[in-house]
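Quick notes on the structure that follows.
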Amino acid sequence: MSSQQAVPAPPILITGAAQRSGYSLAKHWLAKGQAVIFSYRTFKPGVNELTALGAVAIQADFATDEGIFNFINQVKAQTPSLRAVIHNASDWATDEKQPEAAAAIFKQMFQVHQQAPFLINLGLESLLLTGAEQTGQMTDIIHLTDDAVRRGSSKHSAYVASKAALENLTLSFASRFAPQIKVNAIAPALLAFNKGDTADYQKKALAKSLLGIEPGFIALTQTVEFLLKQPYMTGAILPLNGGRHLQV
Ligand SMILES: NC(=O)C1=CN([C@@H]2O[C@H](COP(=O)(O)OP(=O)(O)OC[C@H]3O[C@@H](n4cnc5c(N)ncnc54)[C@H](OP(=O)(O)O)[C@@H]3O)[C@@H](O)[C@H]2O)C=CC1
Ligand SMILES: Nc1nc2c(c(=O)[nH]1)N=C([C@H](O)[C@@H](O)CO)CN2
């Protein structure tokens, strides 16, 4: 590249973007002309839709440390810098009763919701620092946690415990990476129902928040956009929950 050619703006990295929130986030940023790199575990139509819009897709399964380190190396091979890393990949597993199965689920939850963000943040810190240097702006890490951390869960205890650990990791990395990199978390309650959620489940879920709506993934996209623009917020955990913490 000649010295006259502009250096491309650093991409945003989104994990688990083949569907739902990650896919919506990627489409939002691509529509604004922002470069996007995303991971997917299982191929879905969304992968082709995003690559057709110019995104770079990396297949990655964070179930093993090897899978995480391989992903980090693939991101480094794609770009010298990053604008943001959004840790969206997640497995909403229900608890198992049988001890060996329960142990496996607990490990699986901490692997994807704690080990993966931890190692990816450490492995890609240099790219976020380069992004900050290149743009003269702070860069961002955003952890997707869960409103259920406030109260625990009788059915998803391992999942919620791992999300609680991710919330705590937000505080540590905010201190560790300041002032060039901001680190925040978004703790959603219901964003969008899954296929197969019954009418009865949906009615009960909507009744759990004061605002009583299914906001859709746009609510998350708006919150991410706010955090990326906000120069004076780090170590924050934003409750995107319709006032669920006040609902009796
Ligand atoms: N949707 C909601 O209402 C709420 C969402 N959240 C949080 O917001 C985020 C987005 O939610 P949502 O869009 O529903 O997420 P999804 O349940 O759609 O999960 C996102 C992606 O994560 C991928 N993933 C799961 N396990 C792994 C793994 N081991 N390695 C790599 N990728 C993996 C999945 O891949 P695959 O397709 O292969 O399974 C999936 O496509 C999540 O972190 C979630 O916990 C919190 C509260 C409410
Ligand atoms: N990875 C995921 N995590 C969560 C999901 C989901 O679909 N994928 N969904 C929820 C629920 O919407 C819950 O917040 C309300 O019942 C929680 N986490």
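Throughout, numbering of the chain's residues begins at 1 and tracks the sequence. Start at 1 and go down the list; that is how both ligands and their atoms are numbered.
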Exercise. Applying a strict 4.0 Å limit to heavy atoms, is His156 in contact with ligand 2?
Worked result: no
Problem set entry | Shortest protein heavy-atom distance from atom 48 (C) of ligand 1, along with the residue and atom involved | Ala189 O, 3.1 Å
Exercise. Does the Asp146 side chain pair with the main chain of Ala187, one donor and one acceptor, at a distance under 3.5 Å?
Worked result: no
Exercise. Where is the nearest protein heavy atom to atom 21 (C) of ligand 1: which residue, which atom, and how far?
Worked result: Gly16 O, 3.5 Å
Exercise. Once you round to the nearest 0.5 Å, how far does CD of Glu167 lie from CG of Asn184?
Worked result: 11.5 Å
Problem set entry | Arg150 side chain reached by Asn241 side chain, heavy atoms, under 4.5 Å | yes
For this session: Quick one: look up the protein heavy atom nearest atom 7 (O) of ligand 2 and list residue, atom name and how far away it is.
Result: Asn194 ND2, 2.7 Å
For this session: Starting from atom 38 (O) of ligand 1, locate the nearest protein heavy atom and write down its residue, its atom name and how far away it is, to 0.1 Å.
Result: Thr42 OG1, 2.5 Å
For this session: Please state whether the rings of Phe173 and His143 are parallel, tilted or perpendicular, taking 30° and 60° as the class boundaries.
Result: perpendicular
Problem set entry | Subset of ligand 1 atoms that lie under 4.0 Å from at least one heavy atom of Thr145 | 7 (C), 46 (C)
Exercise. Does Lys44 NZ have over 12 foreign heavy atoms under 6.0 Å away?
Worked result: yes
Exercise. Once you round to the nearest 0.5 Å, how far does CD of Gln19 lie from CZ of Arg41?
Worked result: 9.0 Å
Exercise. Between atom CG of Leu25 and atom CD1 of Ile218, what is the distance when rounded to the nearest 0.5 Å?
Worked result: 9.0 Å
Exercise. N/O to N/O below 3.5 Å, does that happen between Leu191 and ligand 1?
Worked result: yes
Problem set entry | Ligand-residue contact atoms, ligand 1 with Lys44, heavy atoms, under 4.0 Å | 36 (P), 37 (O), 38 (O)
Exercise. Is the Phe38 ring parallel, tilted or perpendicular to the Tyr40 ring (thresholds 30°, 60°)?
Worked result: tilted
Exercise. Atom 8 (N) of ligand 2: which protein heavy atom is closest, and how many Å away?
Worked result: Trp92 CB, 3.8 Å
Problem set entry | Check: Tyr159 and Ser153 side chains under 4.5 Å, non-hydrogen atoms | no
For this session: Any chance you could measure Leu227, atom CG, to Ile86, atom CD1, to the nearest 0.5 Å?
Result: 9.5 Å
Exercise. Among protein heavy atoms, which lies nearest atom 19 (O) of ligand 1, and at what distance?
Worked result: Ser90 O, 3.3 Å
For this session: Report the part of Phe43 (side chain from C-beta onward, or backbone N, CA, C, O) that has a heavy atom under 4.0 Å from ligand 1; answer both or neither where that applies.
Result: neither
For this session: Kindly confirm or rule out an N or O of Arg20 lying under 3.5 angstrom from an N or O of ligand 1.
Result: yes
Exercise. Taking heavy atoms and a distance under 4.0 Å, where does Arg20 meet ligand 2: side chain, backbone, both or neither?
Worked result: side chain
For this session: Using distance alone, decide if ligand 1 has a nitrogen or oxygen within less than 3.5 Å of any nitrogen or oxygen in Asp61.
Result: yes
Exercise. For atom 17 (C) of ligand 2, which candidate among Asp91, Asp146, Leu144 provides the closest heavy atom?
Worked result: Asp146
Exercise. Where is the nearest protein heavy atom to atom 6 (N) of ligand 1: which residue, which atom, and how far?
Worked result: Pro188 CG, 4.0 Å
Exercise. With a 4.5 Å limit on heavy-atom distance, are the side chains of Ile237 and Leu171 in contact?
Worked result: yes
Exercise. Taking atom types as modelled, is there a side-chain donor on Asn70 or Gln74 under 3.5 Å from an acceptor on the other?
Worked result: yes
For this session: With heavy atoms of Asp146 as the reference, note each atom of ligand 1 found under 4.0 Å away.
Result: 46 (C), 47 (C)
Exercise. Do Leu82 and Thr139 have side chains that get closer than 4.5 Å, going by heavy atoms?
Worked result: no
Exercise. Within a strict 4.5 Å, meaning less than it, do heavy atoms of the Ile141 and Leu124 side chains meet?
Worked result: no
Exercise. Do any N or O atoms from the side chain of Gln115 and from the backbone of Asp65 form a donor-acceptor pair under 3.5 angstrom?
Worked result: no
Problem set entry | Heavy atom of the protein closest to atom 16 (P) of ligand 1 (residue, atom name, distance) | Gln19 NE2, 3.8 Å
Exercise. Atoms of ligand 2 less than 4.0 Å from Leu190 heavy atoms?
Worked result: 12 (O), 14 (O)
Exercise. Do Gln111 and Ile68 have side-chain heavy atoms sitting under 4.5 Å apart?
Worked result: yes
Exercise. Of all the atoms in ligand 2, which lie at a distance below 4.0 Å from a heavy atom belonging to Tyr201?
Worked result: 15 (C), 16 (O)
For this session: Classify the side-chain pair Arg20/Asn194 by whether it contains a donor and acceptor separated by less than 3.5 Å.
Result: yes
For this session: Just jot down the ligand 2 atoms closer than 4.0 angstrom to any heavy atom of Ser90, in number order.
Result: 1 (N), 2 (C), 3 (N)
Exercise. Which ligand 1 atoms does Leu190 reach within 4.0 Å, using its non-hydrogen atoms?
Worked result: 3 (O)
Exercise. For Lys163, is the nearest heavy atom under 4.0 Å from an atom of ligand 1?
Worked result: yes
Exercise. Which bit of Ala189 is near ligand 2, meaning a heavy atom under 4.0 Å away: side chain, backbone, both or neither?
Worked result: backbone
For this session: Could you tell me which atoms of ligand 1, counted from 1 in the order shown, lie closer than 4.0 angstrom to a heavy atom of Ala192?
Result: 3 (O)
Problem set entry | Nearest-contact summary for atom 10 (C) of ligand 1 - protein heavy atom, Å | Asn88 OD1, 3.0 Å
For this session: Report yes or no: does Asn88 contribute a side-chain atom to a donor-acceptor pair with the main-chain N or O of Ile14 at less than 3.5 Å?
Result: no
Exercise. Which of the atoms of ligand 1 are close to Ser21, meaning less than 4.0 Å from one of its heavy atoms?
Worked result: 10 (C), 11 (O), 12 (P), 13 (O)
Exercise. Are any of the heavy atoms in Tyr159 under 4.0 Å away from ligand 2?
Worked result: yes
Exercise. Does Phe193 have a non-hydrogen atom less than 4.0 Å from ligand 1?
Worked result: no
Problem set entry | Interfacing atoms of ligand 1 (cut-off 4.0 Å, heavy-atom, Ala89) | 22 (O), 32 (N)
Problem set entry | ligand 1 contact by Ala60, heavy-atom criterion under 4.0 angstrom | yes
Exercise. Does Ala205 have a heavy atom less than 4.0 Å from any atom of ligand 2?
Worked result: no
Problem set entry | Flag side-chain contact, heavy atom, 4.5 Å: Phe226 against Met233 | yes
For this session: Could you tell me whether Phe62 and ligand 1 have an N or O pair separated by under 3.5 Å?
Result: yes
For this session: Check whether any N or O atom of Arg41, backbone or side chain, sits under 3.5 Å from an N or O atom of ligand 1, and answer yes or no.
Result: yes
